[in-house]
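Working notes for the structure below.
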Amino acid sequence: MTALSVEDLSISFRTDRGLLRAVEGLSFSVQPGRTLAIVGESGCGKSATSLAIMGLLAPNAEVAGRMTLAGAPLTPERQRRARGAEMAMIFQEPMTSLNPAFTAGEQVAEALRLHEGLDSAAAMRRAVEMLERVRIPEAARRARQYPHQLSGGMRQRVMISIALACRPKLLIADEPTTALDVTVQAQILALLDELKRETGTAVILVTHDLGVVMDHAEEVLVMYAGRAVEAAPAAALFARPEHPYTIGLLG
């Protein structure tokens with residue numbers, strides 16, 4: 001069964017100057033255990049698409065089209081229920097995504113309490129297990145620390161732990177390594193690949209880095225000015241790009 005299907009998605013924003021169209025007529029799907037990379041320059045609609053799937057767009061947004069998650073319609077009500085459980089998102093800057101007032105362990109445990117009904121003690125035990133799973137050393141001690149006490153790489157691993165705690169069918173990673181140095185970037189992306197293989201989670205990787213796409217994605221969707229201009233398996237797209245914009249990006 002297809003993990004996520006998006007058909008004819010359009011996104012507009014109401015502004016003082018009228019309606020601003022950000023995405024138009026976008027269609028794609030992603031399969032369990034595979035990574036779809038959405039690539040394009042800043043402002044092409046990549047992040048707006050991700051937020052529309054999660055139901056996290058600003059109130060002035062208007063969304064049209066059809067989306068299904070694991071075969072069932074992804075209505076606004078379903079988005080609210082599925083967010084954090086059946087689908088999750090990793091943002092590019094964990095320092096602004098994590099709550100500075102709660103420890104790393106508390107933030108992982110919160111997802112487990114909300115979506116799996118665990119009591120506080122059981123949720124914290126699972127939280128420590130998740131931190132170990134993403135290779136945070138001394139996980140029990142780190143679980144008691146606050147975000148400002150962790151390195152950038154560790155904070156991103158905490159975000160991955162929160163996202164994967166409830167074994168979602170879909171994981172969206174929006175520029176997940178932008179703020180990290182090259183070595184940590186490689187570790188985080190390798191970790192996502194490993195967890196995807198273990199859990200069968202479908203991954204949407206939003207990025208502008210074609211090197212990352214070559215190494216970590218099976219399928220590629222190229223966006224320009226809110227539209228899809230090319231979609232192909234990664235190997236075919238790098239070997240034989242067809243659209244002039246794709247050729248320019250590769251250049």
Side-chain angles (χ1 to χ4, degrees), residues 1 3-4 30 32-33 35 50-51 53-56 67-174 176 187-188 190-205:
M1 180 185 293
L4 175 76
V30 57
T35 296
S50 301
L51 294 171
I53 294 167
M54 295 295 294
L56 293 174
M67 296 185 283
T68 62
L69 180 66
L74 198 53
T75 62
E77 175 58 31
R78 175 104 190 276
Q79 286 173 321
R80 282 190 289 274
R81 286 188 284 107
R83 200 162 47 231
E86 293 182 86
M87 59 181 186
M89 189 165 178
I90 302 169
F91 297 92
Q92 59 181 286
E93 181 39 75
M95 199 58 193
T96 57
S97 302
L98 293 171
N99 191 323
F102 293 92
T103 66
E106 287 170 336
Q107 295 187 62
V108 181
E110 181 184 23
L112 294 161
R113 288 198 308 272
L114 285 173
H115 298 292
E116 298 199 356
L118 299 183
D119 62 37
S120 295
M124 187 56 74
R125 285 194 297 272
R126 279 275 299 278
V128 172
E129 290 172 7
M130 285 302 305
L131 295 176
E132 289 173 343
R133 191 173 186 185
V134 298
R135 307 228 179 90
I136 289 182
E138 301 180 85
R141 181 171 71 87
R142 298 295 187 183
R144 296 190 297 271
Q145 293 183 322
Y146 293 87
H148 74 272
Q149 295 174 296
L150 303 174
S151 68
M154 282 193 185
R155 288 194 292 265
Q156 195 61 290
R157 289 169 193 264
V158 172
M159 284 292 300
I160 294 171
S161 294
I162 295 170
L164 294 177
C166 298
R167 299 178 294 278
K169 297 178 175 68
L170 173 70
L171 176 67
I172 300 176
D174 187 359
Q187 293 171 351
I188 294 295
L191 175 64
L192 284 175
D193 285 345
E194 180 182 325
L195 294 171
K196 176 187 69 175
R197 288 192 297 270
E198 288 178 7
T199 62
T201 296
V203 177
I204 294 177
L205 177 62

Can you list the steps and then say if D174 with L51 is a side-chain contact (heavy atoms from CB on, under 4.5 Å)?
-> CA-CA 10 Å; D174 187 359; L51 294 171; 5.9 Å; no

Is any NZ, NE, NH1 or NH2 atom of the basic residue among [X] and [Y] found under 4.0 Å from an Asp or Glu carboxylate oxygen of the other?
X	Y	result
E194	R135	yes
R126	E116	yes
R80	E77	yes
R81	E86	no

Would a 4.5 Å heavy-atom cut-off, applied to side chains only, mark [X] and [Y] as touching?
X	Y	result
M87	M54	yes
R144	E106	no
P73	M67	no
L56	R83	yes
V134	I160	yes
L195	L164	yes
I53	L170	yes
Q107	S161	no

Has [X] got a side-chain atom pairing as donor or acceptor with [Y]'s backbone, closer than 3.5 angstrom?
X	Y	result
R133	A165	no
Q149	Y146	yes
R78	A72	yes
R113	L118	no

Please find the pair of heavy atoms, one from [X] and one from [Y], that lie closest to each other, and give the distance.
X	Y	result
Q156	I90	OE1-CG2, 3.4 Å
T201	K196	O-CG, 3.2 Å
P32	A202	CA-CB, 4.1 Å
Q79	G55	NE2-N, 3.4 Å
A163	A88	O-CB, 3.2 Å
K169	A3	O-CB, 4.1 Å

If you round to the nearest 0.5 Å, how far is [atom2] of [Y] from [atom1] of [X]?
X	Y	atom1	atom2	value
E110	L114	CD	CG	5.0 Å
I204	I172	CD1	CD1	4.5 Å
I136	Q145	CD1	CD	9.5 Å
L171	M89	CG	CE	9.5 Å
L112	E129	CG	CD	9.5 Å

Enclosure of R141 CZ (heavy-atom neighbours >12, cutoff 6.0 Å) | yes

Could you walk me through whether I162 and V108 pass the side-chain contact (heavy atoms from CB on, under 4.5 Å) check?
-> CA-CA 5 Å; I162 295 170; V108 181; 3.7 Å; yes

Test L192 against V203 for side-chain contact (heavy atoms from CB on, under 4.5 Å), laying out the working first.
-> CA-CA 9 Å; L192 284 175; V203 177; 5.8 Å; no

